[in-house]
Amino acid sequence: MIFFSVHEAISREPEGHFADRIEDYQSEGMSEADAVDRAILQMGDPLLIGKELHHTHKPRVEWSLLGMITGLIGLGLLTLSSLLDSQALAAPQFQRQILFLVLGAVVLVGLLFTDYRRLLPYCRHLYAATLLLMLCSLFMGNKVNGSIIYLDVGFIGIDLLSLSPFLLLLSVAGLFSQWKWEGWKTFATALALFLVPLLIYISVARLFSGLLFVAGFGALMFSLQMKPKHVWAFVSVIVALLLGGVGLLLAKPYSINRLLAFLDPYKDPLGAGYQTVQSMEAIRSAGWWGHGFGAQLAELPVTESDFVFAYLVYSFGWIVGGAVLLIGIVLLYRIQRAMGQVKDRFGSLLIRGLMAVFFVPFFWSILMALGIVPIFSVSLPFISYGGTQFVLQMAVFGIILSVYRRKDITVLAASR
C-alpha cells in the first residue's frame, strides 16, 4: 500500500472541471461515453496540470509564528548577554546556549518538513518507552539537591522527567485520535494512562512536570466528545488527587510554607518569601527603561533560569517585559486560530496538548516573577538559560508548524 498526501483543493479542482465539461458535452447531444472521452482529451497533460496545481496550492508555513519565536529568542540572547556582562553567567554557559540554539533550529526545521502523521502507528510504543525511561530515572538517576533529576546517557545527563510530559502528550494525542469514545472501558484505559505517570511525578516530587502533564492531558480529554458522566468522573479524579496532594503537603509544614509564601511574601522576607520579595522589588525598581545592559542583580538567585523575566525587566524595563508578555498572548491567539483550521483529528489533538507544554511554563514564569503564583523551578521558554528545555521548546513549535503546514492536505491510499 502506498500513501499519497494530496491538498484538498487539488483533489477537488480537477474533479469539478472534469464534471463540468462532461455536462457541457452531454448538453450538446453527446453520449455519456463520448463526453467522458472528449473531456479527458481536453484536460491536457496530467503531469503539467499537477505541477501547476501544486504551485498554486502548495503547503504554507505560518511565518507569523516563526517571526514571534525569533523575537523571543532574540530577547533571550540579549538577556543572557547582559547576564554574561554582569558576570552572573559564565562564558562557557553562553557558548553552550548558542550550540543548543543551533541544535534547536535544526530540530524545528526537521520536524517542520516531516509529516507528523508518521508518528501515529508508534504512539503506543512511545508511551511505553517514556514510562520505562521515567522509571529508569526513578531508580537509576543522579540526585541533585536531594531530587532525582538526570539520567546519564553516554557523556551527557538528560532530565528525562522534564521531557516526559512532551513525550507522553505526543503519544496520548495519537492514541486518543484512534479511539472510539464509547462506554466505561475506554474511559478506564484513558484514566490508567493518566494516573501511572502522575504517580511517578508525585513519587519524585516533580510537581511542575506533573502540572504540565495534568494540563495537557486535561486539554486532550475535554476536547473529545465525552459523555457528561465521563467528564464528571475525570474531574472527580483530579479533585481527589488535589486533595491528596494537599494532605501530603500538610504533613510537611516547611513545603507548604514555601509553596504558599507568594500569598504574603513579606511575612517571611528572609526565608520562604525571599525569592518572591527580591523578584518583585527588582521589577518595581526597573521603571520603563530599566537599569541598562549588564545590570547586576546579586540579591536574586537563578536569574538565568527561574527568574529570568525579573532580570529582563530589571535590565531593560517594563517596556521590554510588556513586549514579552504581549508576544506570548499574540502567539497563543495565533495558535488557537490556526488550530481551528486543522481538520485532522490527530493534528488538532497534538496542538492542544503541546500548547500546555509551552504556554503553562511561559505564563507561569512571568506570573511567578510578579509574585502571583507559587515558585517552582520553571524556565521562561526561549529566554531562560537551559539546553534541554530550549531544544524541547523548538521541537514543540516544529510539530505545531508541521501540523499547520499540512492542514489542507488529505491522505490517499493506493495499492501497488
Problem - Leu80 side chain near Leu84 side chain, heavy-atom distance below 4.5 Å - result: no
Exercise for the section: Applying side-chain contact (heavy atoms from CB on, under 4.5 Å), run through Leu89 and Thr303 and close with a yes or a no. Expected result: CA-CA 9 Å; Leu89 187 73; Thr303 48; over 6 Å; no
Handout entry: Main-chain N/O of Thr114 paired to Ser402 side chain as donor or acceptor, under 3.5 Å
Key = yes
Exercise for the section: List the steps and the verdict of side-chain contact (heavy atoms from CB on, under 4.5 Å) for Arg96 and Tyr385. Expected result: CA-CA 9 Å; Arg96 181 173 178 268; Tyr385 169 77; 3.2 Å; yes
Handout entry: Heavy-atom side-chain contact between Gln95 and Ile98 under 4.5 Å
Key = no
Exercise for the section: For Thr189 and Lys185, indicate whether the former's side chain and the latter's backbone hold a donor-acceptor pair under 3.5 Å. Expected result: yes
Handout entry: Interatomic distance, Leu207 atom CG to Leu212 atom CG [nearest 0.5 angstrom]
Key = 11.5 Å
Exercise for the section: Fit a plane to each ring of Phe382 and Phe358, take the angle between them on a 0 to 90° scale, and name the class: parallel (under 30°), tilted (30 to 60°) or perpendicular (over 60°). Expected result: tilted
Problem - Atom pair CG/CG of Leu131 and Leu167 - distance to nearest 0.5 Å - result: 10.5 Å
Completion exercise
Taken to the nearest 0.5 Å, the spacing of Phe397 CZ from Met68 CE works out to 8.0 Å
Completion exercise
For Val308 and Ser384, the nearest pair of non-hydrogen atoms, with its separation, is CG1-OG, 3.0 Å
Exercise for the section: May I ask you to test the Leu72-Leu380 pair for a side-chain heavy-atom distance under 4.5 Å? Expected result: no
Exercise for the section: Would you please test Ile73 and Gln393 for side-chain contact (heavy atoms from CB on, under 4.5 Å) and show each step? Expected result: CA-CA 11 Å; Ile73 292 173; Gln393 292 146 15; over 6 Å; no
Exercise for the section: Report the C-alpha distance between Val324 and Phe362 in whole Å, list the side-chain angles of each, state the deciding distance to 0.1 Å, and finish with yes or no for side-chain contact (heavy atoms from CB on, under 4.5 Å). Expected result: CA-CA 10 Å; Val324 170; Phe362 186 92; 4.0 Å; yes
Handout entry: Shortest non-hydrogen contact from Gln178 toward Gly174
Key = NE2-O, 3.0 Å
Practice task
Could you tell me whether the side chain of Tyr201 reaches within less than 4.5 Å of the side chain of Phe208, counting heavy atoms only?
Solution key: no
Handout entry: Donor-acceptor pair, side chain of Ser279 and main chain of Thr276, under 3.5 angstrom
Key = no
Handout entry: Flag side-chain contact, heavy atom, 4.5 Å: Leu168 against Phe217
Key = no
Problem - Approximate separation, where rounding is to 0.5 Å, of Gln275 CD and Ile375 CD1 - result: 4.5 Å
Exercise for the section: Among Leu354, Val342, Leu349, Asp344, find the residue that satisfies the side chain to side chain contact (heavy atoms under 4.5 Å, CB included) test when tested with Val403. Expected result: Val342
Fill in the blank from the handout: In terms of heavy-atom contacts, Gly371 and Met280 come closest through CA-SD, 4.1 Å
Practice task
Would you name the heavy atoms of Met339 and Ile351 that are closest together and state the gap between them?
Solution key: SD-CG2, 3.8 Å
Completion exercise
For Ser171 and Cys123, the nearest pair of non-hydrogen atoms, with its separation, is CB-O, 3.2 Å
Exercise for the section: Tell me, yes or no, whether the heavy-atom count around Arg345 atom CZ, taken from other residues, nucleotides or ligands under 6.0 Å, exceeds 12. Expected result: yes
Donor-acceptor pairs are to be reported for all side-chain atoms of residues 313-323 against protein atoms at under 3.5 Å, with residues two or more places apart or in another chain.
residue	atom	partner	partner atom	Å
Ser315	OG	Tyr311	O	3.1
Ser315	OG	Tyr311	OH	3.4
Trp318	NE1	Ile283	O	2.7

Exercise for the section: Answer whether the closest heavy-atom distance between the side chains of Leu101 and Leu77 falls below 4.5 Å. Expected result: yes
Handout entry: Closest approach of Met394 to Gly104 (non-hydrogen atoms, all atoms of both residues)
Key = CB-O, 3.4 Å
Completion exercise
Interatomic distance, CG@Leu161 vs CE@Met134, rounded to 0.5 Å, equals 5.5 Å
Problem - Ring centers of Tyr116, Tyr404 separated by less than 6.0 Å - result: no
Practice task
Could you label the plane-to-plane angle of the Trp179 and Phe176 rings as parallel, tilted or perpendicular, counting under 30° as parallel and over 60° as perpendicular?
Solution key: tilted
Practice task
For Gln97 and Gln93, indicate whether the former's side chain and the latter's backbone hold a donor-acceptor pair under 3.5 Å.
Solution key: no
Practice task
Measure the shortest side-chain to side-chain distance between Trp364 and Pro374 over non-hydrogen atoms and say whether it is less than 4.5 angstrom.
Solution key: yes
Handout entry: Side chain Tyr127, main chain Leu193, donor-acceptor under 3.5 Å
Key = yes
Handout entry: Between CZ on residue Phe307 and CG on residue Leu300, distance to nearest 0.5 Å
Key = 6.0 Å
Practice task
State, with a plain yes or no, whether a side-chain heavy atom of Phe309 is found less than 4.5 Å away from one of Ile383.
Solution key: no
Problem - Atom OH of Tyr266 with >12 non-hydrogen neighbours under 6.0 angstrom - result: yes
